[in-house]
Protein chains: 2
Amino acid sequence: MIKRDIPDIIVSRLPVYLRALRHMQTQNLQTTSSQELGKQVGISAAQIRKDLSQFGEFGKQGTGYNIAFLVSKLREILQVEKVWDVALVGMGDMGHALARYPGFTDRGFRITMFFDNDQSKIGTKVGEFKVQDTRGLVGAIHAAGIKLAMVCVPAEAAQEVTNQLVEAGVRSILNYAPISLSVPEGVRVQYLDPSVGLQRMTYYLDQNK
Amino acid sequence: MIKRDIPDIIVSRLPVYLRALRHMQTQNLQTTSSQELGKQVGISAAQIRKDLSQFGEFGKQGTGYNIAFLVSKLREILQVEKVWDVALVGMGDMGHALARYPGFTDRGFRITMFFDNDQSKIGTKVGEFKVQDTRGLVGAIHAAGIKLAMVCVPAEAAQEVTNQLVEAGVRSILNYAPISLSVPEGVRVQYLDPSVGLQRMTYYLDQNK
DNA sequence: TAGATTGTTAATCGATTAACAATC
DNA sequence: TAGATTGTTAATCGATTAACAATC
């Protein structure tokens with residue numbers, strides 16, 4: 001499949017649409033419109049139509065979008081029809097929380113490798129998987145062909161772990177460590193540091209209550 | 001203080017600059033340039049200068065920026081000089097991980113209220129604080145004047161909890177639940193659903209390894 | 001002084017919105 | 001048919017980058 005060059009910002013909205021559509025499905029809705037979906041996710045109807053039109057014609061004039069059909073199309077576009085294996089590095093509190101996060105499995109993700117450098121954690125079980133020594137990370141991830149990873153190590157260790165992940169062939173990283181990572185061209189990083197999240201909001205708060 | 005209308009996207013980059021500058025401080029660096037900082041965070045030098053110039057003139061031609069000075073200015077702009085109290089709703093795995101997240105305290109945040117609706121969790125201790133019954137949320141948060149909250153409850157409960165937070169006077173919400181929240185004008189939500197994070201990346205991955 | 005780097009302006013680039021013909 | 005809503009074009013809006021005078 002030749003992939004046209006779709007702006008990042010559009011791609012990043014698709015999972016939000018998908019999430020809302022699946023929510024509608026749980027309410028037994030059959031169809032929706034760009035207006036209704038837009039209201040749900042806080043995005044203009046025109047933008048939703050424009051975004052979707054990048055990938056095809058999924059709606060019908062007069063009636064809108066068939067939800068099940070649009071869900072399947074979005075899943076196809078985002079490639080979440082298949083199950084992606086994910087590696088997780090750093091079994092601290094955040095690592096454990098992600099390991100047990102219930103939302104991955106029915107969205108096409110499965111964490112199949114866990115790493116830590118703490119001897120007391122190595123070998124312990126997470127579900128059916130054992131925590132492995134970070135020293136074996138490059139070999140293990142490369143051998144398994146894993147392309148997605150989550151980094152939950154302390155800031156000091158995050159760049160080194162990232163280098164190893166890249167070396168192992170990982171192409172996309174979710175970073176929970178409070179540090180900017182440097183990665184080669186073609187590797188994507190998403191930052192989820194919760195304190196940055198909070199700092200983005202205090203700007204808007206009034207100083208005195 | 002009268003606050004000029006600074007675009008959201010600029011404000012959202014400031015914590016990233018701040019984080020990188022503090023990292024430089026730990027390496028005993030005294031000054032930096034827009035170019036050096038830009039390389040560190042992956043943003044163009046021109047953009048950094050433009051962003052900072054919205055708030056004042058913090059640099060010197062020829063020599064760049066004094067790191068300590070810029071840090072203090074950014075902390076002032078983002079209002080993280082003071083300590084902000086934060087409420088946390090939902091003491092599942094993610095809630096616990098955030099409760100123990102080490103990066104908040106030295107960035108101006110302190111989680112001082114914990115809520116859950118599970119009777120077996122209510123009354124248990126998190127550090128020096130007790131987990132409270134969600135039923136008392138509105139009153140407790142309002143009384144304490146808390147403006148920031150993190151939502152870590154299941155998707156089904158997230159909108160209801162959000163409504164209560166808004167009623168209690170919360171102005172900014174970090175949402176870890178996999179659902180779009182509807183909030184009144186003036187309340188800000190940031191979405192940190194980890195599965196959306198992953199779905200944003202699979203689009204770019206090759207289907208066959 | 002010579003070199004470096006800022007803050008800012010103007011030019012470019014890209015994203016969002018408004019509007020509407022097409023059509024279900 | 002009448003009403004609704006799409007997909008798309010053109011217009012608007014906003015953000016990024018390039019360039020450079022000012023100056024440390």
Side-chain angles (χ1 to χ4, degrees), chain A residues 3-17 20-21 24 29-74 77 180 185 200 203-204, chain B residues 3-17 20-21 24 29-74 77 180 185 200 203-204:
Chain A
K3 195 166 275 185
R4 280 187 309 122
D5 204 16
I6 307 281
D8 223 72
I9 195 160
I10 293 183
V11 174
S12 77
R13 281 190 293 258
L14 300 184
V16 177
Y17 302 158
L21 290 163
M24 291 176 182
L29 297 168
Q30 303 300 311
T31 60
T32 189
S33 64
S34 57
Q35 185 150 45
E36 188 180 43
L37 179 57
K39 205 172 159 205
Q40 180 71 229
V41 299
I43 291 176
S44 78
Q47 178 140 94
I48 288 177
R49 294 201 301 278
K50 193 102 204 284
D51 285 354
L52 296 177
S53 74
Q54 302 291 315
F55 303 95
E57 308 195 354
F58 304 137
K60 274 200 181 64
Q61 286 99 327
T63 58
Y65 300 91
N66 177 288
I67 294 173
F69 178 71
L70 189 50
V71 162
S72 93
K73 282 297 179 186
L74 286 174
I77 292 162
S180 292
E185 187 98 6
R200 282 184 175 149
Y203 173 82
Y204 300 97
Chain B
K3 197 165 279 187
R4 280 187 308 122
D5 204 15
I6 306 282
D8 223 71
I9 195 158
I10 293 182
V11 174
S12 77
R13 281 191 292 258
L14 300 185
V16 177
Y17 301 158
L21 290 163
M24 290 175 183
L29 296 168
Q30 302 301 310
T31 60
T32 188
S33 63
S34 57
Q35 186 152 42
E36 189 180 44
L37 179 57
K39 206 174 158 204
Q40 180 72 226
V41 300
I43 290 175
S44 78
Q47 179 141 92
I48 289 176
R49 294 201 301 277
K50 193 104 201 284
D51 286 354
L52 295 176
S53 74
Q54 303 291 315
F55 303 95
E57 308 194 356
F58 304 136
K60 272 202 181 65
Q61 287 99 324
T63 57
Y65 300 91
N66 177 287
I67 294 173
F69 178 71
L70 189 50
V71 162
S72 94
K73 282 297 178 184
L74 286 174
I77 292 163
S180 292
E185 187 97 7
R200 283 184 174 150
Y203 173 81
Y204 300 97

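Sequence lines set the chain letters: A, B, ... in the order given, protein chains first and strands last, and positions in each chain run from 1. For clarity, every value in this text was computed on a predicted model and none was experimentally measured.
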Do B/F55 and B/L14 come close enough that some side-chain heavy atom pair is under 4.5 Å? yes
What integer distance in Å separates A/I67:CD1 from D/dT5:P? 13 Å
To the nearest angstrom, the CD1-C1' distance between A/I10 and C/dA15 comes to 8 Å
Quick check: are there more than 12 heavy atoms from other residues, nucleotides or ligands sitting under 6.0 Å from CD of B/Q35? no
Give me the residues of residues 40-50 of chain A where at least one heavy atom lies under 4.0 Å from an atom of DNA chain D, by number, or none. A/R49, A/K50
Can you tell me how far the CG atom of B/L74 sits from the CG atom of B/L70, to the nearest 0.5 Å? 4.5 Å
Closest to the B/P7 side chain: D/dT8, C/dC24, D/dA15? D/dA15
Starting at CD1 of A/I9, measure out to CD of A/Q47 and round the result to the nearest 0.5 Å. 7.5 Å
Hey, which sits more toward the 5' end of DNA chain C by its nearest nucleotide, A/R13 or A/G62? A/R13
B/S34 side-chain N/O to C/dT5 phosphate OP1/OP2 under 4.0 Å: no
Between D/dT16, C/dT16, C/dG7, which nucleotide has the shortest distance from any of its atoms to the side chain of A/I9? C/dT16
How many whole angstroms separate atom CD of B/Q54 from atom P of D/dT16? 11 Å
Rounding to an integer number of Å, can you tell me how far B/N66 CG sits from C/dT6 C1'? 15 Å
Do A/V11 and B/Y204 make a side-chain contact, defined as non-hydrogen atoms from C-beta onward lying under 4.5 Å apart? yes
Whole angstrom is fine here: how far is it from CD in A/E57 over to P in D/dT9? 11 Å
Below 4.0 angstrom from OP1 or OP2 of C/dG7, is there any side-chain N or O of B/Y65? yes
Whole Å only: how far is the CG atom of B/L52 from the C1' atom of D/dA15? 16 Å
Would you sort out whether A/V16 and A/Q40 count as a side chain to side chain contact (heavy atoms under 4.5 Å, CB included), showing the intermediate values? CA-CA 10 Å; A/V16 177; A/Q40 180 71 229; over 6 Å; no
Just to be sure I understand: a Watson-Crick pair is purine N1 to pyrimidine N3 plus N6-O4 or O6-N4, both under 3.5 Å. Using that and G-U wobbles, which stems of three or more pairs involve DNA chain C? C:3-24 with D:3-24
Can you confirm whether A/Y203 sits close enough to B/S12 that some side-chain heavy atom of one is under 4.5 Å from a side-chain heavy atom of the other? no
Which of these nucleotides, D/dA22, C/dT16, C/dG7, is closest to any side-chain atom of B/Q61? D/dA22
Correct closest heavy-atom pair for B/A20 and B/L37 would be CB-CD1, 3.8 Å
Rounded to whole Å, how long is the line connecting atom CD1 of B/I6 with atom P of D/dA15? 11 Å
On a heavy-atom basis, which atom in B/I43 and which in B/R13 lie closest, and how many Å separate them? CD1-CD, 3.4 Å
Between atom CG of B/D8 and atom CZ of A/R200, what is the distance when rounded to the nearest 0.5 Å? 9.5 Å
Measuring from the side chain of A/S33 (C-beta onward, heavy atoms only), which nucleotide among C/dT16, C/dG7, D/dT5 has the closest atom? D/dT5
Quickly work out the B/K39 NZ to C/dT5 P distance and round it to whole Å. 13 Å
